[in-house]
Amino acid sequence: AIADPKLQLALVSDIGRGIAQGDFALVYQAKADARNGCVVGAEALLRWTHPVHGAIPPDSFVPTAEKTGAIVELTRWALLRAIEDQALLRAGGDEVVISVNVSARALTDGTFCAEAIERITRAGASLCLEITETAIIEDPPAAIEAIAKFREAGVRISIDDYGAGLSSLGYLKQIHADELKLDKGLISELQTNARDRLILKSTIELAHGLNMSVVSEGVEDEATRALVVALGCDYVQGYLVSRPLALEDFARLCTRARPEGHGSPEPGDFIAMRR
């Protein structure tokens with residue numbers, strides 16, 4: 001992360017220019033069916049190549065952009081690019097849901113939400129908005145109202161990074177979501193910690209009881225995938241499936257991992273479809 005406050009502010013002042021000049025890009029990290037490896041979606045991740053400072057990691061510019069409000073402009077750009085990219089994927093025969101991260105600033109900005117709903121609806125896009133607990137805590141009534149409007153418009157809602165913060169049951173009670181994304185911290189010691197497995201199993205059962213599908217983030221090996229499947233997880237995301245990819249590379253991954261011709265999944269299918 002960039003520690004110099006002056007440099008952080010300078011970078012934020014460059015965000016608008018960077019968007020206009022094409023310095024930002026989206027990469028896509030695939031989400032796959034936990035059992036057979038079929039790619040069903042992807043998370044859109046921001047990347048910034050600054051003309052002076054080079055590649056700047058998101059954990060350096062996103063927090064500052066959130067504090068200054070520049071994150072709303074960035075989120076708008078990411079949403080529109082994701083809609084365009086999804087149309088290209090559809091044209092190539094790949095129907096996948098694209099997830100876009102939405103911050104507290106954007107979620108509680110009425111103008112942004114109205115524009116986002118209009119653009120998504122007009123394009124007939126299949127999008128999912130990933131929202132963290134922090135985004136709800138900042139202004140719960142506004143956030144919950146916005147979430148309801150998005151869902152009414154057919155936009156899926158995902159509770160992101162579950163397990164990284166407070167993750168209270170009251171939080172799940174307030175938010176009517178379609179998906180629960182488990183933070184990678186919840187699965188990092190599954191193979192050695194029986195207590196972690198019990199907690200994860202209970203969380204997955206609770207999510208299913210609330211009609212949410214469950215995604216495990218940070219799945220990097222076959223042993224972990226097998227464990228989360230045994231505990232009832234629906235989807236996985238992480239390096240076992242794929243690293244974040246440019247759109248063209250993600251499209252090739254989708255083509256390799258299409259379900260046609262694979263029949264009923266057998267042990268080993270998941271890894272075979274990655275190659």
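Everything numeric in this text was worked out from a predicted model, so none of it was measured.
- Asp221 has its side chain within reach of Gln191: a pair of non-hydrogen atoms, C-beta onward, lies under 4.5 Å apart.
- Put simply, Val214 and Val229 are part of two different groups of oily side chains (I, L, V, M, F, W, Y) that touch within less than 4.5 Å, one to the next.
- Remark: the backbone N or O of Ala34 is paired with a side-chain donor or acceptor of Arg225 at under 3.5 angstrom.
- A pairwise comparison of heavy atoms in Thr192 and Arg197 identifies N-NH1, 4.0 Å as the closest pair.
- Put simply, the side chain of Arg151 reaches to within 4.5 Å of the side chain of Asp178, judged on heavy atoms.
- Residues Val97 and Ile131 do not share a hydrophobic cluster, clusters being chains of Ile/Leu/Val/Met/Phe/Trp/Tyr side chains in contact below 4.5 Å.
- Leu89 and Val100 fall within a single hydrophobic cluster, where Ile, Leu, Val, Met, Phe, Trp and Tyr are joined by side-chain heavy atoms under 4.5 Å apart, directly or via other members.
- In this structure the side chain of Tyr162 reaches within 4.5 angstrom of the side chain of Thr203, judged on heavy atoms.
- Judged purely by distance below 3.5 Å, without hydrogens or angles, the side chains of Tyr28 and Asp85 pair a donor atom with an acceptor atom.
- Here Arg195 contributes atom CZ and Leu200 contributes atom CG; the two are 14.0 Å apart, rounded to the nearest 0.5 Å.
- In this structure, the side chains of Phe250 and Asp94 stay at 4.5 Å or more apart for every pair of heavy atoms.
- Across all their heavy atoms, Leu182 and Ser216 have their closest contact at CD1-OG, 3.7 Å.
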*Evaluate the criterion side-chain contact (heavy atoms from CB on, under 4.5 Å) for residue pair Glu145 and Phe150; output intermediate values, then yes/no.*
CA-CA 9 Å; Glu145 181 182 356; Phe150 276 115; over 6 Å; no

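- Annotation: the span from Asp14 atom CG to His53 atom NE2 amounts to 7.0 Å, rounded to 0.5 Å.
- Inspection of the Ser126 and Arg90 side chains reveals an N or O donor paired with an N or O acceptor under 3.5 Å.
- In terms of modelled atom types and a separation under 3.5 Å, the side chain of Gln237 and the main chain of Ala32 share no donor-acceptor contact.
- The two residues Leu180 and Ala207 make their nearest non-hydrogen contact at CD2-CB, 3.8 Å.
- The line from CD1 of Ile204 to OG of Ser213 is 11.0 Å long, rounded to the nearest 0.5 Å.
- In this structure, Ile117 CD1 and Leu127 CG are separated by 12.0 Å, a value rounded to the nearest 0.5 Å.
- Annotation: the span from Leu227 atom CG to Lys201 atom NZ amounts to 12.0 Å, rounded to 0.5 Å.
- Glu43 places a side-chain heavy atom less than 4.5 Å from the side chain of Leu45.
- The backbone N or O of Gly185 sits less than 3.5 Å from a side-chain atom of Ser188, completing a donor-acceptor pair.
- Residues meeting the ring-ring contact (aromatic ring centres under 6.0 Å, His included) test with Phe24, sequence neighbours left out: Trp48, Phe61.
- Between Thr108 and Ala143, the shortest heavy-atom distance links the atoms CG2-N, 4.2 Å.
- Membership of the apolar cluster around Val40 extends to Val215, Tyr235, as traced through chained side-chain contacts below 4.5 Å between ILVMFWY residues.
- For Lys67, there are no side-chain hydrogen bond (donor to acceptor under 3.5 Å, both in side chains) partners two or more places apart in sequence or in a different chain.
- For Arg76 and Glu73, the salt-bridge test fails: no basic side-chain N is under 4.0 Å from an acidic carboxylate O.
- Although no hydrogens or angles enter the test, the distance criterion places no donor-acceptor pair under 3.5 Å between the side chain of Arg47 and the main chain of Leu26.
- Hydrophobic clustering (side-chain heavy atoms under 4.5 Å, transitive across Ile, Leu, Val, Met, Phe, Trp, Tyr) keeps Leu206 apart from Ile199.
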*asked:* Walk me through whether Glu152 and Lys149 qualify under salt bridge (charged side-chain N to carboxylate O under 4.0 Å, His left out).
replied: CA-CA 5 Å; Glu152 286 172 11; Lys149 288 180 178 177; over 6 Å; no

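- In this structure, the side chains of Leu88 and Leu247 come closer than 4.5 Å at one or more pairs of heavy atoms.
- Following chains of ILVMFWY side-chain contacts shorter than 4.5 Å, one can reach Ile71 starting from Ile19, so the two form part of one hydrophobic cluster.
- Counted within 6.0 Å of CZ on Arg122, heavy atoms from surrounding residues, nucleotides or ligands total more than 12; the atom is thus considered enclosed.
- We find that Lys31 and Glu179 are joined by a salt bridge, their nearest charged nitrogen and carboxylate oxygen being less than 4.0 Å apart.
- Here the side chain of Thr224 pairs no donor or acceptor atom with the backbone of Glu220 at under 3.5 angstrom.
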*Would Arg252 and Glu248 satisfy salt bridge (charged side-chain N to carboxylate O under 4.0 Å, His left out), going step by step from the backbone distance to the final call?*
CA-CA 6 Å; Arg252 281 192 283 271; Glu248 296 80 5; over 6 Å; no

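- A donor and an acceptor atom, one from each side chain of Asp234 and His208, are located under 3.5 Å apart.
- In plain terms, the two heavy atoms of Ile83 and Ala123 that are nearest each other are CG2-CB, 3.5 Å.
- Between Ser242 and Leu245, the shortest heavy-atom distance links the atoms OG-CD1, 3.2 Å.
- Put simply, the side chain of Ser60 never gets that close to the backbone of Ile56: no donor and acceptor are under 3.5 Å apart.
- Put simply, the side chain of Asn193 gets close to the backbone of Asp196: a donor and an acceptor are under 3.5 Å apart.
- Checking Asp23 against His50 by side-chain atom types alone, no donor-acceptor pair falls below 3.5 Å.
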*Given Leu129 and Leu79, is the side-chain contact (heavy atoms from CB on, under 4.5 Å) satisfied, shown in steps?*
CA-CA 9 Å; Leu129 303 186; Leu79 186 77; 4.2 Å; yes

*Thr75 and Arg105: side-chain contact (heavy atoms from CB on, under 4.5 Å), yes or no, with the steps?*
CA-CA 10 Å; Thr75 305; Arg105 287 266 191 159; over 6 Å; no

_Applying salt bridge (charged side-chain N to carboxylate O under 4.0 Å, His left out) to Arg156 and Glu130, what does each step give before you reach the verdict?_
CA-CA 9 Å; Arg156 293 173 58 82; Glu130 295 196 4; over 6 Å; no

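- Judged by distance alone, with hydrogens and angles left aside, the side-chain atoms of Glu217 form no donor-acceptor pair with the main-chain N or O of Lys181 at under 3.5 Å.
- One distance of note links CG of Leu231 with CD1 of Ile187; it measures 10.5 Å at 0.5 Å rounding.
- Salt-bridge annotation for Asp161 and Lys184: absent, with no side-chain N of the basic residue lying under 4.0 Å from a carboxylate O of the acidic one.
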